[in-house]
Amino acid sequence: MLSSKKIVLVGHFGVGKSSLIRRFVKNSFSDDYLVTVGVHIVKKTVHIDNDEITLIIWDIEGKEDMQKLRPSFLLGTSGFIYVFDATRESTYINLSDEINYIETHYPKTNLLTVANKIDLIEKNIFIKIAENYKLKIDYYSSAKTGENVELIFNDLAKNLIK
Amino acid sequence: MITEFLKEKYITSKCQIIVIGHDGNITETDNYLFETNNGTQITNLHPFFETISHLLPDKNKEHVFHCVNLEINEVKGNYNIVFFSGSDTLNPYLIFYDFTENCDYLQTIVQRRNDSVIALETQLLKEKQHISEKKFKNKFLANISHDLKTPLGAVLGFLEILNKTPLNNEQKDLINTIRKSGNHIKSLIDDLLDLSKIEAGELKINYSTFSVYDLINHIQKIYTPILASKNLLFNPVIQQNIPPFLVCDKTRVLQIFINLLDNAFKFTNEGSISLNIACKTINKNSVEFNFSITDTGIGFPEAKRNSINSFTKFHQTDIEGSGLGLSIVKKLVENMNGKMQILPGVKQGTCVQVAIPMQTANGIVENLSNNQKIPLTETHLQILIADDNEVNIRLIKKMLKDYPNLTIETAKNGVEVLKIVEQKYFDLILMDIEMPEMNGLEASLKIKTHPNPIISNIPVIAITANATEIEKYTLAGISGYVSKPFLKQDLLIAIEKIFVENLQKMNI
Ligand SMILES: Nc1nc2c(ncn2[C@@H]2O[C@H](COP(=O)(O)OP(=O)(O)OP(=O)(O)O)[C@@H](O)[C@H]2O)c(=O)[nH]1
Ligand SMILES: [Mg+2]
């Protein structure tokens, strides 16, 4: 059965939302930073066992505060990927509040948190930092090397058909 | 007519309306912005529409989506989209406003802002990393130096034992050479430890009074044997205007002299090494302590001189060849808020100039005899004596009567102390411990935890009959104590100590 689900990548600006999507959909990467204004929407179908699911991925502009996002962007979302930049403290310092906000305002959705740009920082060092800040992290990723990118979207898709 | 024209130019042409059936097929479109055909399923135009099609059954709802980037039939644009889900009388429709230009403009502004914020954050991160690497390096240095010192101590110790056994001359010579090298390693390790401490900001400057004349005597004793072995003249000159006592960390000052003189002696084989000491008055209580060491040795190449002169305490140290001595001197001097400069010497050679601001001791004499008058300080000090016993208060007042610069007030118990300090500034409180209403410990604790930093910083000296409870005093924030019965000298030393510590706090 083919079904389609809307997923949205959220998080501060410059954390790599567009890059993760680009890696997942086009398997490419650029070091240049081009700010996303508003929203770009792409889709990709993934196969899970005998199922197929089309992810309609909303790549929205970065915001440091979920509350400042236009609610229409999030309308009808089935899954969130909250992305932060492992090298920039400002992008994860309020992580638990942000997660809380999503969980209370969009209770029926799936949510994964991703520490991106892990290619830029020693993973063990970052794990220590994450412990310090009590960050709840589901995946460590790099849009640059492709590490875990496929896995993140596939796992979210799996959760969506459950 | 003109309004029609303008509407067409500025509004209609920037707007497209698509009407759809409840099944999502297009029933009407004006194609102002992009081409679509009647009958086309809206979800086939762009994935965006797939995510709003579930809104169709929900009648009479309007949603606005801002700045949506779409490519429809090869036309790219950014649109503000109004979606109406239809009513009993009206089909669902979509209105597209072309916002491409605005979005492009917004893009450049946001890009600039985000780029600069990220650049700043990255910069801060780098600095943070640099500091933590430096910390790691210093810790590593400190540990390794410490670990090296223990076995080296054993080597040197056993060498001395070996030296006391029957040996022939050649063996004695060899032992001497080993000892020299061992001592050299030891001093290098000490330097490393010092440097890592300075860089880690852990070096404490312990202020005390010292006599410049004693210092020079000491230095001359150190270098006499070396002078004898080299054909050198060494003439220290102390200018007349030097105050007899200065306040600084005398061990570190000596270290500065020794490191610089060691270098001078190492690199000078003939000629002279001169040491000149002078003071410039800054104000009544402080001077700039200046000295220069000039040698006729091999000198520094200009580039190297410049690089040493320009590094600051925030820079990495990189002075090869001259050992760590020079870097330590530079850092020590800067830690004391002073300056060091290397100039060319006469002919060849090197001239090192050092200037360190120092407080004059105004006679804070170290070895006090019982009936000597101690010129405590010329600074005006306000002292509060708290004691419930009138006789004790009179006794203390008598002991301090030789010092017109001390203003003394009294309190009968802790409660009074707290009241008084809130009304007036004090430099010091002499606090009896056993007092009615509120005892000295409690009062001291209240002072130390007072929200007003001026009050919480007042040093308290305990006057006590029970000196075994010192731990308790420390917990209550008491800075010193005098045990009853006490002599005038004990009291003055305790006050002097506080005064010197205050100087340290002020980082003079
Ligand atoms: N080294 C490294 N750089 C990355 C990674 N992901 C993204 N970047 C870089 O980070 C910058 C920002 O990436 P984007 O994907 O545009 O970030 P964004 O979250 O979409 O930013 P906004 O659209 O402004 O919200 C770009 O210069 C990317 O090249 C990564 O995993 N590793
Ligand atoms: Mg983006």
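These figures come from a predicted structure and were not determined experimentally. A note on names: the letters A, B, ... follow the listed sequences, proteins ahead of strands, and every chain is numbered from 1.
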For this session: Pull out the residues in residues 22-37 of chain A that come under 4.5 Å of chain B, heavy atom to heavy atom, sorted by number.
Result: A:Tyr33, A:Leu34, A:Val35, A:Val37
Exercise. Where along residues 105-112 of chain A does a heavy atom come under 4.5 Å of chain B, listed by residue number?
Worked result: none
Contacting moiety of [X], where chain A heavy atoms sit under 4.5 Å:
X: B:Gln111; answer: both
X: B:Val64; answer: backbone
X: B:Arg112; answer: neither
X: B:His63; answer: side chain
X: B:Ile52; answer: neither

Around atom [atom1] of [X], are there more than 12 heavy atoms of other residues, nucleotides or ligands at under 6.0 Å?
X: B:Glu28; atom1: CD; result: no
X: A:Tyr101; atom1: OH; result: yes
X: B:Glu101; atom1: CD; result: no
X: B:Glu127; atom1: CD; result: yes
X: A:Lys136; atom1: NZ; result: yes

Problem set entry | Pick from A:Lys6, A:His40, A:His12 with the largest number of heavy-atom pairs that fall under 4.5 Å of chain B | A:His40
Measure the [atom1]-[atom2] distance between [X] and [Y] for me, rounded to the nearest 0.5 Å.
X: B:His46; Y: A:Lys43; atom1: NE2; atom2: NZ; answer: 9.5 Å
X: B:Glu121; Y: A:Arg88; atom1: CD; atom2: CZ; answer: 4.5 Å
X: B:Leu70; Y: A:Ile41; atom1: CG; atom2: CD1; answer: 6.5 Å

Exercise. Are the side chains of A:Phe13 and B:Ile118 in touch, meaning some heavy atoms are under 4.5 Å apart?
Worked result: yes
Exercise. Between A:Gly76 and B:His54, what is the shortest heavy-atom contact and its length?
Worked result: CA-NE2, 3.8 Å
For this session: Please say which of A:Val42, A:Thr54, A:Ile57, A:Ile56 ends up in a side chain to side chain contact (heavy atoms under 4.5 Å, CB included) with B:Pro47.
Result: A:Ile56
